[in-house]
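Comments concern the structure below.
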Protein chains: 2
Amino acid sequence: MTKPTPKRAWGQAIQNRDEQFEMKRQVVLRTAARTYSDRGFHETTLADIADELNISKPTLYYYFKNKDEILFECHRLGIEAITDGDTPMPPAGTCTGRERLEEFLRRYVRMVLDDFGTCLVMTGTNALEPKNRGRVIEGRRKIDQMLRDILQEGVRDGTLDCPDPKMTAMFVFGAMNWLPRWYHHDGGLSVDALSARLIAFVMRAIAADRCDR
Amino acid sequence: MTKPTPKRAWGQAIQNRDEQFEMKRQVVLRTAARTYSDRGFHETTLADIADELNISKPTLYYYFKNKDEILFECHRLGIEAITDGDTPMPPAGTCTGRERLEEFLRRYVRMVLDDFGTCLVMTGTNALEPKNRGRVIEGRRKIDQMLRDILQEGVRDGTLDCPDPKMTAMFVFGAMNWLPRWYHHDGGLSVDALSARLIAFVMRAIAADRCDR
DNA sequence: CATTTTGTTGACCCATGGGTCGAACAGCAA
DNA sequence: TTGCTGTTCGACCCATGGGTCAACAAAATG
């Protein structure tokens, strides 16, 4: 659950003023995301986060409006990690549903094992103020829909065979969202190896040609 | 996530003194488990629980030592629901690993969609005091082991075919532990139907004769 | 009815922790 | 040196909520 922490100090690189500001914001967010995931949102005090960065509590308020905003930003970054990944998902139609499914699972696993993704699935949205809460829920809904669409696409083009795409999606999300609770980055198993195993498991369950071995 | 609440009043049935005491304890626990699951442990105040039962906060302290103990009892009941179910699991050897797996999954799904089981998988153990925390973790470890053993048994007797029972167990637990987050008792899908779907999904993935259809 | 035991409560205590404020301090330009 | 702006912090405020207590109500007991 906790990645090997770089443990970089607070103000390191001396760059442009705005970049420095944005960089420090990021450092706070990463630290917060980790701590929220480990101990839970309500069990984490702002003093905890500040201490971990060797800064004071008011300094946090120089970079963020309040505790909620920090959590919201973590969730937002987690969601963006899939929806607007660095390389976009291959659009529907360019390859089989099964191939798109594999790609989606690979991305999602990577995302959910990154600090922000982990935070997204480990901490509830209850703490967020209504407006931000709604945005997060909407984001997650879109991701849900993405997987459902892919499954249906695979059923249509004959590369997948699952009786109930909606429910199947939930089972698969469950398996993936649970990863941060037991997978440790320091073990012998790499994220890529893990996602390969998970993909194999899912494919055996729903790939149309699942009698291959 | 929230079952149709009976909403029974506080002191209803007039029975033996001790039974009454124990019954009221149970009512508190069920209410607490539901609220903890819905809103989260830290988001739930003792006043919330008390209000829901139309009693006062100090009354809770007449039945329980503190907030932690209430949570612990919920977890304990959740764990017992599988380990010491009303009818014991068929012992290893009396049937195939695959059959035992089906039975285990059926039980686990039922448990995890009951108030206490839901509470067990929805709320973290961080809040518990060290001693109780250890007991809960131990309980969950035993349940983990149970599934792993069943999987290995199935591999041995040839009814199951999964390359890595440990990891497979985690995937399956993930899918099941995620159920309370999306399944609603008031929908058209019964718990039994749901567990049948989940079992079908898992069996397609790891049953040795998974080419049946 | 008196008295003890069992249940219940309003009112209170107080540690925790989110959030604020004004002072201080850095760097930099004129 | 003087000011200006961006950054940091010690000290403080105060609402929340877990937990307590003494008093009161309600059965049981005799």
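Letters A, B, ... are given to chains in the order of the sequence lines, protein chains preceding strands, and every chain is numbered from 1. No hydrogens, no waters, no symmetry mates; every other heavy atom, side chains included, goes into these values.
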B:Asn16 CG to D:dA28 C1': how many Å, rounded? 13 Å

Check whether A:Arg39 reaches the backbone of A:Arg34 with its side chain - one donor and one acceptor, N or O, closer than 3.5 Å. no

Length of the CG-P vector between B:Leu46 and C:dT9, whole Å: 14 Å

Spatial distance of atom CZ (A:Phe72) from atom CZ (A:Arg135) [nearest 0.5 Å]: 4.0 Å

Whether B:Arg17 contacts D:dA27 is assessed here as follows: a side-chain N or O lying under 4.0 Å from the phosphate OP1 or OP2. Is that the case? no

According to a strict under-4.0 Å criterion, is B:Lys57 in side-chain N/O contact with OP1 or OP2 of C:dA11? no

Which whole-number value in Å describes the distance from A:Leu60 CG to D:dT8 P? 10 Å

I'd like a list of close polar pairs between nucleotides 13-16 of chain D and the protein, N/O only, cut-off under 3.5 Å.
none

Below 30° counts as parallel, above 60° as perpendicular, anything between as tilted: where do the rings of B:Tyr36 and B:Phe41 land? perpendicular

Short of 4.0 Å, heavy atom to strand atom, which residues of residues 63-72 of chain B count as contacting DNA chain D? B:Asn66, B:Lys67

Between D:dT7 atom P and A:Lys24 atom NZ, what is the distance in whole Å? 7 Å

Rounded off to whole Å, could you give me the CG-to-P distance for the A:Asn54 and D:dC9 pair? 9 Å

CG of B:Asp144 to CD1 of B:Ile137: how many Å apart, nearest 0.5 Å? 11.5 Å

Please report the distance, rounded to the nearest Å, between OH in A:Tyr62 and P in D:dG6. 7 Å

Once you round it to whole Å, what is the distance between P of C:dG19 and CD1 of A:Ile49? 11 Å

Would you mind reporting whether A:Glu43 and A:Asp38 have side-chain heavy atoms less than 4.5 Å apart? no

Side-chain atoms of A:Tyr61 come closest, of C:dG10, C:dG19, D:dT7, to C:dG19

Calculate the interatomic distance between B:Asp18 atom CG and C:dT6 atom P; express it in whole Å. 10 Å

Is it true that, when you exclude A:Lys131 itself, more than 12 heavy atoms of the residues, nucleotides or ligands shown sit nearer than 6.0 Å to its NZ? no

Given C:dT9, is OP1 or OP2 found less than 4.0 Å from the side-chain N or O atoms of B:Thr59? yes

Distance to the ring centre below 6.0 angstrom and angle to the axis at most 45 degrees; does that hold for A:Lys67 and A:Tyr61? no

Would B:Arg110 and B:Glu103 pass as an ion pair if we require N to O under 4.0 Å? no

Between the side chain of B:Thr118 and the main-chain N/O of B:Val112, is any donor-acceptor distance below 3.5 Å? yes

